[in-house]
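The block underneath contains the structure these notes are about, expressed in structure tokens.
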Amino acid sequence: MLGLAEAYPELVTLQNAQDEYGLAVAGGMQDCPLDDDFTRRILKLDEKYVLMGKRNESHARKLEQNEPGCKNWFLTIEDHEAHYAKSESKKRLPTLLMSGTVHGNERVGTTAVLEYAALLLEAANCESFPHEDYPGPQAPQIVMDEWLDQVDQANACRQDLHHRGIVDDERKWLARLATTRRIIIVPAANSLGFFRGEREEDGIDPNKDFPFDLKGDEDTKCMETITARTLNEIFINNIIQLAITFHSGASVVAYNWGAPSFDGRTCPDDTSMAQVSRVYQRFGGPLKYWKQGVYKVGTMNDLVYPVRGGMEDWAYAASWAKDFSKGCQPETYKGYAASQTQYNDSVLRTVNILVETSKEKDPPITQLGADYLLFDPSWQKMGSGHITRNIRVLSAMTDLVQPYLSIVGVNRKLLDDDVVPGKRRDDRACTKTKLVGVKGHGAIGINWIVGGGINIAQTGVIYAPWNIIPDDIDGENQPTGRGLEELLKTIIGEDGADPRIKTSGVSIGRTRWHTQGPYPPPLKNKYTGLLGQPLFTTRFKLNDYKDGEKIAVFAYAQLDQAWGNELTNSTVNPALPPQSHLANARTNTDWKHEYVNQIVEGRKFWFSTPVTIEVRKSGNKVIDLAWRLPSESRLKRWEEKMEEEISEYPVVFSFIVIMIFAVGAGIVIHRFEKRKKRKRMFREISTEVDGMELNDYDDYGDTSIRPSGIPNHTID
């Protein structure tokens with residue numbers, strides 16, 4: 001965790017429950033000893049957080065105290081550059097929680113969440129290179145050299161990921177997830193139990209320590225463990241929409257209910273929970289090599305066993321099923337304020353799925369898996385194991401927390417993704433970063449994808465000149481207020497809709513997470529990342545637009561409307577409509593919760609970052625006017641032009657030429673080598689215009705085979 005926080009400070013924050021929330025430390029002098037190097041590194045990281053504005057004041061005094069015992073550490077992945085402190089996008093980031101170990105001797109989850117965090121951060125950091133757009137042929141040489149150095153870094157990290165089986169499409173997908181979500185990772189909530197290799201925390205079961213469905217004299221005997229208090233503090237300081245908690249002892253994906261009082265009953269969010277759980281089952285896949293099938297799916301009461309005080313039911317319902325949740329009055333660790341378990345209406349409405357990873361509490365290392373071809377569930381050699389399939393589960397979880405769309409092509413020209421980590425996207429930055437020049441006669445083709453859900457009830461394209469788009473639509477955040485009203489008038493066909501705002505290509509479909517697979521089919525069946533989503537296509541005419549006019553084109557979609565339906569069968573208890581943020585955020589326009597500077601607001605339609613079409617009456621059919629990585633041919637033409645300009649200067653002093661000959665020869669060799677590296681990079685990571693196809697890698701022939709000799713990151 002510390003290594004990730006040091007390597008990617010703009011993307012991840014390392015904290016512990018003791019310094020952040022004032023909790024006690026579990027354990028004693030012999031538990032979780034820290035060396036001087038750890039203390040030095042964590043203090044240096046604290047200084048960096050203060051300078052970056054992540055903290056208002058230093059935690060150095062707390063960190064230096066080093067109380068004996070085990071602190072409860074957690075990571076938060078959040079793109080602080082794209083979502084700066086006072087930005088609207090920061091408030092509206094969907095928040096997830098991943099808990100690795102509530103029982104200290106069940107260790108698969110801890111490794112899975114940390115490996116997933118490392119993969120996300122590596123992909124996001126790599127995708128951020130180069131940090132700036134191509135500076136152009138007129139840029140000063142020092143600026144160009146700096147940009148070319150970043151291109152070389154992009155080349156190196158992309159090659160490294162490819163060698164481990166993470167191809168361009170998957171890297172872009174992972175990077176998008178990292179920069180558009182807030183992901184809280186608690187690898188070992190029961191840090192004392194994890195250190196000791198024990199299920200409990202000092203003799204108390206943490207998974208029976210939450211204030212839900214407790215009975216009799218035990219109804220306030222909860223929050224006795226630091227494990228439970230750590231998770232409680234994280235939940236009440238965030239609006240968490242989707243969570244996962246890992247255990248071992250079986251092979252199941254289970255959802256609510258799991259409390260004895262609800263045995264045989266169905267929860268109000270059964271539709272969304274069951275569908276999400278089945279996605280985890282399918283994408284995680286079987287472990288055929290180890291003769292283990294896919295996870296079983298069902299309720300906790302049916303597949304595991306009823307538990308009073310369980311984390312899953314508490315996280316889902318403690319704020320609204322108030323008859324089953326009372327405040328805690330623990331005496332351990334000098335007590336815990338009763339106010340911390342008096343919950344407001346915005347927290348604890350989380351779809352919190354239980355994954356029992358394996359029948360063994362600590363399975364053999366040979367069954368953990370390897371980190372190549374992670375996103376190909378058909379990979380059934382020794383590479384697929386308990387860790388790898390749960391990395392896939394976590395990636396599906398991160399995808400599903402919120403719908404998203406992306407316009408990926410104009411007239412069969414594949415565009416760079418509109419979401420780049422580390423870059424601000426508000427204030428209509430998209431008008432410069434996603435800009436295409438199109439010859440303005442005839443029809444234009446638009447291609448887009450839809451993700452973050454399962455069933456696509458409606459999708460299409462809506463477009464209009466930028467000068468009539470309401471000012472409150474910034475191109476990054478989902479439209480609200482007047483801007484949303486104007487767009488919906490056209491989509492729904494209401495009276496008073498602006499005739500200059502038009503739609504095209506309205507259809508239905510399925511995402512990659514549907515049991516029947518994506519529809520329409522993706523660009524190619526080989527894609528397992530961003531372009532594994534269904535590819536929609538439409539065409540509309542540009543004849544009515546003037547030369548130089550800029551047109552904003554949005555893709556929109558409505559997803560998973562069944563998640564908002566109130567269940568009518570007699571087993572539903574309580575008999576209420578869906579209560580989770582996850583379901584209501586995409587189905588209920590009256591749903592809005594604003595708390596701890598976070599917002600969850602319900603909507604039925606979701607919009608992409610718009611692509612800007614600049615109409616041109618002459619020139620090429622399609623010109624990408626915004627690109628971070630130029631094509632090899634374009635860069636070669638620029639270098640040739642520079643060489644021609646240099647050759648035109650008269651040689652005034654032959655003496656000077658002789659003096660600098662050696663230096664010049666060295667520069668030529670250096671540039672030759674850099675050009676070779678760039679050619680290799682463009683061959684591997686460039687995007688082909690023809691047919692909207694990404695290039696296959698040709699370094700090793702068969703792109704499905706991981707090169708030999710690469711370290712096994714997961715096992716190591």
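Any value given below was found using the heavy atoms of this structure, including those in side chains, with hydrogens, waters and symmetry copies removed.
- Side-chain rings of Phe283 and Trp513 approach one another, their centers coming within less than 6.0 Å.
- Atom NZ of Lys54 sits in a crowded spot, with more than 12 heavy atoms from other residues, nucleotides or ligands closer than 6.0 Å.
- For Trp320 and Phe324, the distance between ring centers is not under 6.0 angstrom.
- Within 6.0 Å of the OH atom in Tyr595, the count of heavy atoms belonging to other residues, nucleotides or ligands exceeds 12.
- Both the sub-6.0 Å distance and the 45° axial angle are not jointly satisfied by Arg282 relative to the ring of Tyr295.
- By the salt bridge (Lys or Arg N to Asp or Glu O under 4.0 Å) test, Asp79 is found to be paired with no residue, residues two or more places apart in sequence or in another chain being considered.
- Side-chain atoms of Thr299 and Asn301 include no donor-acceptor pair closer than 3.5 Å.
- Between the side chains of Ser406 and Ser608, no donor N or O sits under 3.5 Å from an acceptor N or O.
- Aromatic ring centroids of Trp257 and Phe262 lie under 6.0 Å apart.
- With respect to Leu405, the side-chain contact (heavy atoms from CB on, under 4.5 Å) criterion is satisfied by exactly one of Thr609, Thr459, Ile449: Thr459.
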Tell me, with the steps shown, if Tyr343 and Asn232 meet side-chain hydrogen bond (donor to acceptor under 3.5 Å, both in side chains). CA-CA 10 Å; Tyr343 304 117; Asn232 184 67; 2.7 Å; yes
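- Side-chain atoms of Arg512 come within 3.5 Å of backbone N or O of Thr528 as a donor-acceptor pair.
- The side-chain heavy atoms of Ile183 and Thr398, taken from C-beta on, include a pair separated by under 4.5 Å.
- Shown here is Ile508, whose CD1 atom has no more than 12 heavy atoms of other residues, nucleotides or ligands within 6.0 Å.
- Looking only at atom types and distance, the side chain of Asp345 has no donor-acceptor partner in the side chain of Ser319 under 3.5 Å away.
- Partner of Glu88 under the side chain to side chain donor-acceptor pair (under 3.5 Å) criterion, chosen from Arg92, Lys86, Lys90: Arg92.
- For the residue pair His103 and Asn190, no side-chain donor N or O sits within less than 3.5 Å of a side-chain acceptor on the partner.
- Side-chain contact between Pro268 and Tyr316 is present, with at least one heavy-atom pair separated by less than 4.5 Å.
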Test side-chain hydrogen bond (donor to acceptor under 3.5 Å, both in side chains) applied to Glu106 and His247, step by step: CA-CA 6 Å; Glu106 299 169 1; His247 287 260; 3.1 Å; yes
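- In this structure, the side chain of Thr388 does not engage the main chain of Leu374 through any donor-acceptor pair within 3.5 Å.
- Both the sub-6.0 Å distance and the 45° axial angle are satisfied by Arg107 relative to the ring of Phe194.
- Looking only at atom types and distance, the side chain of Asn16 has no donor-acceptor partner in the side chain of Tyr21 under 3.5 Å away.
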